Amino acid sequence: MNKTTGVDKMLETALKTEQLTKKYKDNTVLNNVDMTVYRGDIYGIIGRNGAGKTTMMKIFTGLTEKTEGDYTIFGKNSKEFSKVKHRIGYLIESPSFFSNLTCYQNLKYHAIQKGIADLGHIDEIIETVRLTKEKDKKFRRLSLGMKQRLGIALALLDDPDLVLLDEPINGIDPIGISEMRETFRKLNHERNMTFIISSHILSELYNTANRFLFIDHGKVLKEMTKQQLDNECRRCIVVKVSDSKKTSALLDNKLGITDYKVTDNNMIRIYNLDEETAFINRYLVNEGIEVSAIYESGVDIEEYFKSLVGADNK
Amino acid sequence: MKRLIKADLYRIIHGKAIYVVFIIMLFSSILAAFGMSPPIVFSIASEPSSVTELEEKKEYDEYFKYLMKMPDDSDINITTIREHMLSFKYFKADKEILSGNLNLYYIIICLAVIIITSDFTSGSYKNAITITSNRKKYYNAKFITTALMTLFIHTVNTFIVCIVNHFINHGKSDSKLSEIAIIYLLHCFPLIGLSSLLVFLAFFFQKTAVFNSVAIPLCVGYQLITAIPSLLNIRTKLLTRFEMQSIISALAYLRTPDYIIPSLIYCMCMIVICYFAGLLYFTRAEIKS
């Protein structure tokens with residue numbers, strides 16, 4: 001039987017929210033959000049437009065205030081936020097720079113603000129995001145993808161421990177997306193940088209992140225690891241039965257099926273597809289178990305997200 | 001906060017706008033020095049308080065008589081007026097040009113755009129607030145940078161006026177250095193007052209276009225408002241007394257304590273009120289996307 005993969009509780013928590021809520025007058029944009037990001041995670045936030053992703057990131061960066069609840073970043077709560085601010089890099093919404101300055105000058109401007117003494121580091125970052133050729137181009141002359149890369153460069157400028165990226169691959173071409181993915185992975189692997197990335201391009205986020213948060217209308221739908229998501233999306237036979245305990249015993253002992261998972265409401269997901277659906281159905285009925293539904297399932301991440309959102313809307 | 005100021009200075013130096021401002025200042029000083037900047041101060045100021053000022057007033061009266069005596073068909077232009085005015089003993093063109101320092105208001109608008117509203121228009125203020133500082137520090141840095149740049153522009157303008165006047169008028173219309181120094185120091189107060197007002201407006205309106213549409217006509221608008229009571233035959237001494245053009249002009253000429261002290265107190269109040277109004281608004285307002 002598949003066991004739910006618990007995250008190692010000994011891992012350092014990079015960011016944690018407890019009942020985080022944000023209201024604009026009567027409009028609740030975030031509603032009691034609980035999430036935990038561990039150091040070294042690449043944490044993907046998935047949600048539709050207006051789900052609350054950007055608002056959440058704005059709260060973590062101090063651009064807006066929470067209404068209720070709290071969050072901690074590297075052990076410091078919102079009141080002590082200024083102590084850890086320097087450990088965060090971010091790109092929220094579209095990248096914002098001075099159009100009359102070059103890429104290098106824009107980064108140098110922010111490097112001075114951040115007190116970065118080693119200005120040679122700017123060249124390294126420009127190379128990391130592959131903007132070396134455009135280094136002396138004015139910001140207004142850059143393409144959308146290049147602007148986005150410069151925004152990522154700013155987020156990475158002083159080797160932060162936590163990087164918040166809101167839609168970071170908007171406007172970047174497919175090869176660029178692949179390069180950015182590799183860059184994030186490399187920085188995550190080599191420097192143990194923690195990333196929180198929100199994106200509409202779910203397949204890309206799936207390829208990059210190791211943990212996921214599904215959010216809609218300001219509410220958390222699910223928080224899961226990649227392994228858990230794979231299990232949810234994996235092809236399987238879903239059986240709805242009257243007695244899940246007895247069914248589990250029959251699957252284990254009589255049919256020799258061990259790769260399955262009992263979910264809510266007496267639902268069992270059988271991942272061993274060697275047995276035919278009709279055979280399992282017949283066997284369980286013969287053993288006196290009431291089978292109210294049995295069907296094959298298996299979805300990609302987009303389908304899974306749609307089903308989550310759909311279920312929530314109902 | 002020092003870093004924010006340093007970064008802003010880096011950005012200003014690497015932009016073109018500040019150099020355009022210097023060129024405009026130089027060009028207007030050359031024009032004003034050559035044209036001997038027609039006297040306007042006595043039309044709004046009170047009676048002269050010293051022998052020198054009395055002599056100056058006589059010269060102005062003579063100047064007006066000269067203009068009145070000119071035949072209707074005579075060709076009056078800057079060159080002919082200038083030749084006449086160069087013969088004045090007490091008229092000092094540099095002091096006259098500096099008394100019109102309200103023109104710097106429009107230069108300070110440019111500074112507020114370069115330093116503050118361009119940040120809001122490009123959205124890069126979010127970078128600064130998020131990573132390097134809180135909103136109060138950001139506001140203070142912008143307030144100080146604008147004030148410092150105003151003083152810098154004021155200093156450069158004073159130098160340009162003195163040097164240009166010295167060379168164009170061959171030293172015939174130079175004031176004493178001590179007099180220029182006093183005018184320079186006294187003018188710091190109204191100019192910082194104006195910069196504070198513009199910082200407040202910049203943080204309030206945030207976007208460059210809106211800010212410009214309010215800030216540019218504001219000065220003229222206030223002068224027009226002060227003119228309305230006089231149209232209705234109402235005494236407007238107090239209203240015009242604390243109009244910035246009056247303060248700047250009079251501080252260049254009427255340096256008696258009973259005028260200087262209330263003017264400086266007025267300017268200080270303006271600085272304090274504008275500072276806190278801008279700070280309160282910016283620290284409490286929701287950040288716009």
Side-chain angles (χ1 to χ4, degrees), chain A residues 22-25 29 54-55 57-65 67 81-82 84-102 104-117 119 138-140 147 150-151 153-158 160 162-164 166, chain B residues 1-21 110-142 144-145 206-209 280-289:
Chain A
K22 173 71 185 176
K23 290 177 184 170
Y24 292 105
K25 293 180 182 169
V29 184
T54 303
T55 304
M57 293 219 182
K58 277 184 172 177
I59 292 173
F60 301 148
T61 52
L63 281 174
T64 192
E65 297 292 323
T67 311
F81 179 53
S82 57
V84 289
K85 246 185 174 183
H86 63 281
R87 295 177 71 181
I88 307 168
Y90 92 106
L91 167 66
I92 291 180
E93 296 168 330
S94 52
S96 307
F97 292 99
F98 296 103
S99 58
N100 62 326
L101 298 185
T102 64
Y104 182 85
Q105 286 170 341
N106 266 304
L107 288 180
K108 188 172 174 184
Y109 169 78
H110 287 100
I112 295 170
Q113 281 189 337
K114 291 182 176 200
I116 297 170
L119 294 175
K138 298 233 160 149
F139 180 69
R140 63 169 171 261
K147 286 177 180 174
L150 191 63
L154 175 62
L156 303 174
L157 193 57
D158 55 350
L162 174 64
V163 183
L164 307 174
D166 186 19
Chain B
M1 199 164 69
K2 276 184 195 169
R3 288 179 198 157
L4 286 174
I5 295 171
K6 205 174 152 190
D8 267 333
L9 294 179
Y10 170 82
R11 184 165 63 81
I12 291 166
I13 289 165
H14 285 83
K16 286 176 192 158
I18 197 73
Y19 302 105
V20 173
V21 164
C110 296
L111 294 179
V113 168
I114 298 167
I115 296 165
I116 303 167
T117 62
S118 64
D119 255 28
F120 286 106
T121 305
S122 69
S124 59
Y125 72 104
K126 287 186 279 188
N127 300 340
I129 293 170
T130 303
I131 303 300
T132 51
S133 61
N134 57 34
R135 289 194 207 184
K136 190 178 174 185
K137 275 185 188 170
Y138 177 81
Y139 178 83
N140 285 340
K142 292 290 176 187
I144 292 169
T145 309
Q206 300 191 353
K207 299 292 176 189
T208 302
L280 279 175
Y281 176 77
F282 184 61
T283 49
R284 291 182 182 187
E286 194 65 49
I287 296 260
K288 292 168 190 167
S289 293

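Predicted model only: the values in this text are computed from it and were never measured. A note on names: the letters A, B, ... follow the listed sequences, proteins ahead of strands, and every chain is numbered from 1.
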* Structure fact -> So CD of A:Gln113 and OH of B:Tyr138: to nearest 0.5 Å the spacing works out to 8.0 Å

* Straight-line distance of B:His14 NE2 to A:Thr102 OG1, nearest 0.5 Å -> 8.0 Å

* **B:Lys136: salt bridge (charged side-chain N to carboxylate O under 4.0 Å, His left out) partners, not counting sequence neighbours** => none

* **Straight-line distance of B:Arg3 CZ to A:His110 NE2, nearest 0.5 Å** => 14.0 Å

* Structure fact -> Under 4.5 Å to a heavy atom of chain B? For A:Leu91 that would be neither

* Note, B:Lys16 side chain near A:Asn100 side chain (heavy atom, < 4.5 Å) -> no

* Structure fact -> Rounded to the nearest 0.5 Å, the CG atom of B:Leu4 sits from the OH atom of A:Tyr109 at a distance of 7.0 Å

* Structure fact -> Between B:Ser122 and A:Ser96, the two heavy atoms sitting closest are O-CB, 3.2 Å

* Pairs of heavy atoms under 4.5 Å with chain B: top-ranked of A:Phe139, A:Phe97, A:Phe98 -> A:Phe98

